[in-house]
Number of protein chains: 2
Amino acid sequence: MAARSPIASIWTRPQKPQRDQAGLSRDQIVRAAIEILDAEGRDALSMRRLGARLGAAATSVYWYVSNKDELLELALDEIFGEVERPDPETSGWRPAFTIAAHSLRSLILRHPWVAQLIGVYPMYGPNALRFTDHLVGVAQHAGFQDFDVDFAVTTVVAYVYGMTIGEAAWLSNAQRAGTTMKELDERVWDVSAEIARDYPRLSERYRAYGETDPQRLRVATFDFGLVSVLDGLELRRRATRRDPDPPAGT
Amino acid sequence: MAARSPIASIWTRPQKPQRDQAGLSRDQIVRAAIEILDAEGRDALSMRRLGARLGAAATSVYWYVSNKDELLELALDEIFGEVERPDPETSGWRPAFTIAAHSLRSLILRHPWVAQLIGVYPMYGPNALRFTDHLVGVAQHAGFQDFDVDFAVTTVVAYVYGMTIGEAAWLSNAQRAGTTMKELDERVWDVSAEIARDYPRLSERYRAYGETDPQRLRVATFDFGLVSVLDGLELRRRATRRDPDPPAGT
DNA sequence: CAAATCACTTGAACAGCGTACGAGCATCGT
DNA sequence: ACGATGCTCGTACGCTGTTCAAGTGATTTG
């Protein structure tokens with residue numbers, strides 16, 4: 001993959017003219033790429049495999065996409081089309097953020113390779129922008145002012161990313177090893193406890209987990225953190241709000 | 001890079017016996033790898049280049065490390081040795097978390113490639129474990145009980161990761177393009193505003209930024225979110241705490 | 001209707017990658 | 001002195017992303 005000019009992203013340049021029924025199409029290519037990524041992860045996607053899946057030569061793809069990087073940018077944004085954008089008018093800002101956060105999390109867990117792309121490509125695709133734009137609306141509806149609008153949005157999104165990237169990594173690893181998350185959980189528990197042996201506080205924590213279901217634990221962790229973040233935002237909001245949402249917030 | 005068994009990490013297997021003064025050493029190799037990563041980023045690190053830098057053949061490295069993955073795990077953990085572990089006894093839990101968070105952030109910004117590794121490898125290295133273990137101590141000192149201890153720690157760390165990964169990505173991109181962050185900021189501003197043209201709320205936000213220094217804005221964003229997270233944790237803490245830290249916190 | 005242009009496909013080729021392997025060398029324990 | 005052990009290295013394999021020139025067939029132009 002070639003080094004690219006700072007912001008040379010597929011979203012910053014026009015698409016070529018296209019004939020009416022060409023054999024391939026950008027959509028078709030992106031869909032095929034996503035299928036491979038979902039099924040076998042990031043490492044499994046090569047241009048040759050993609051070509052093969054499309055019944056075309058590997059290099060044909062380069063007519064529609066100038067880079068593998070561009071292809072991944074397209075795939076990434078395509079996935080962002082799946083995220084929910086709940087209306088704060090009907091539910092209030094807090095449920096809106098909550099729903100969006102959960103939706104974002106489950107989207108990443110459905111497509112764990114996405115986690116490896118966040119923070120590599122600028123997210124300038126229409127779906128990502130639409131999502132951010134929507135969250136800005138939610139924050140404004142909540143009554144955040146000026147920069148606090150961006151701060152609030154960025155905080156929530158950052159939290160979800162940070163929390164979910166680790167989970168997605170485990171999923172990816174399980175996938176690469178041909179196991180399910182469940183099996184991995186079982187094996188990893190003992191190993192973790194063993195590794196943490198020299199760290200008294202960690203060991204104590206591992207002992208405390210006992211038979212707790214790791215899956216439930218992850219969800220509980222996410223919820224705890226999200227509630228904390230939203231509580232914190234609520235405090236900031238009260239300080240500077242100039243109106244719209246009722247104080248209660250829900 | 002080969003697919004690896006679920007948790008086959010370098011930390012889960014013993015080190016080979018080693019002769020007293022061998023030409024190379026694991027430490028030396030890891031240091032050299034970090035130098036390359038810091039100077040030119042993740043893509044620039046190849047086993048051949050690493051060998052060349054060490055004045056050795058590419059394949060010599062494989063005596064000390066069985067994988068490129070393992071090498072990256074070692075480098076990652078080595079960097080985690082740089083993080084601060086402030087004592088909650090002297091400063092209280094909130095400043096302790098705050099210092100740790102800032103320290104973690106600046107560590108990642110000093111070594112942007114770290115961001116691309118988080119969420120790819122399990123962090124079982126001694127330095128990472130020591131850090132986590134310390135944070136557990138901070139949370140316990142704050143008075144969190146049972147699972148809330150882990151929840152609190154995970155929340156803070158996740159927030160820092162999520163927030164910093166995006167920043168690190170920009171740094172990496174700037175580095176790859178041979179620019180500084182400052183130059184990139186200037187160019188990216190206009191492009192972003194242009195791209196956001198079709199999204200009214202985003203456009204409004206970009207207009208509001210005006211001449212604001214992006215660097216300062218990033219710091220302000222981080223601080224805002226961190227304060228929010230800690231405020232949220234404070235609320236959770238009050239609910240279940242069984243003592244140690246004074247109610248005031250700070 | 002012929003010619004030229006355009007959209008698209010393709011195979012071959014290149015440089016680079018991670019890594020397996022076996023031959024060789026130097027030092028160590030006996 | 002000799003075998004074992006720690007370590008280095010060159011070669012080679014199969015894979016990667018990407019370039020490029022050649023080719024095909026439909027569409028537009030003169």
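Letters A, B, ... are given to chains in the order of the sequence lines, protein chains preceding strands, and every chain is numbered from 1.
Atom CE of A:M47 is separated from atom P of C:dT10 by 14 Å (rounded to the nearest Å). If you measure from atom CZ of B:R49 to atom P of C:dG18, you get 11 Å, rounded to the nearest angstrom. Taking atom CD1 on B:I29 and atom P on D:dC7, their separation rounds to 11 Å, with Å as the unit. Atom CG in A:L50 sits about 16 Å away from atom C1' in D:dC15, given to the nearest Å. One atom, OH of B:Y64, and another, C1' of D:dT8, lie 9 Å apart when rounded to the nearest Å. Atoms CD (A:Q28) and C1' (C:dC8) sit 14 Å apart, rounded to a whole Å. Atom CG in A:L24 sits roughly 17 Å away from atom P in D:dG25 (whole-Å rounding). Distance, B:K68 NZ to D:dT16 P: 16 Å, rounded to whole Å.
With salt bridges taken as basic N to acidic carboxylate O contacts below 4.0 Å, one links B:E194 and B:R197.
Between B:S60 and the phosphate of D:dC9, there is a side-chain N or O to OP1/OP2 separation shorter than 4.0 Å. OP1 or OP2 of D:dC7 lies within a sub-4.0 Å distance of a side-chain N or O belonging to B:W63. Remark: B:N67 is not in phosphate contact with C:dG18, judged by side-chain N or O atoms under 4.0 Å from OP1 or OP2. In terms of phosphate contacts, B:Y62 brings no side-chain nitrogen or oxygen within less than 4.0 Å of OP1 or OP2 of D:dC9.
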Interface polar pairs with nucleotides 11-14 of chain C, N/O, under 3.5 angstrom:
residue: C:dG11; atom: O6; partner: A:T59; partner atom: OG1; Å: 3.0

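Using a 4.5 Å cut-off on side-chain heavy atoms (C-beta onward), B:I79 and B:W113 make contact.
At the heavy-atom level, B:L45 lies under 4.0 Å from the strands shown only through sugar-phosphate atoms. Within 4.0 Å of B:A56, counting heavy atoms only, lie sugar-phosphate atoms of the nucleic acid but no base atom.
Looking only at atom types and distance, the side chain of B:Y124 has a donor-acceptor partner in the side chain of A:S192 under 3.5 Å away. For A:Q28 and A:R31, the side-chain atoms include no donor-acceptor pair closer than 3.5 Å.
The OG1 atom of B:T164 lies 10.5 Å from the CG atom of B:L171; values are rounded to the nearest 0.5 Å. For the atom pair CZ (B:R85) and CG (B:D133), the distance works out to 9.0 Å, reported to the nearest 0.5 Å.
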Query - Intermediate values then yes/no, side chain to side chain contact (heavy atoms under 4.5 Å, CB included), B:L109 and B:R105 - result: CA-CA 6 Å; B:L109 296 183; B:R105 170 172 181 265; 3.7 Å; yes

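Considering only residues two or more places apart in sequence or on other chains, A:H102 meets the ring pair (Phe, Tyr, Trp, His ring centres under 6.0 Å) condition with A:F222.
Using cut-offs of 30° and 60° on the angle between ring planes, the pair A:F131 and A:F80 is tilted.
Direction change of the helix axis from one end of the helix from C:dA3-D:dT28 to C:dT30-D:dA1 to the other is 10°, with five pairs defining each end axis (rounded to 10°).
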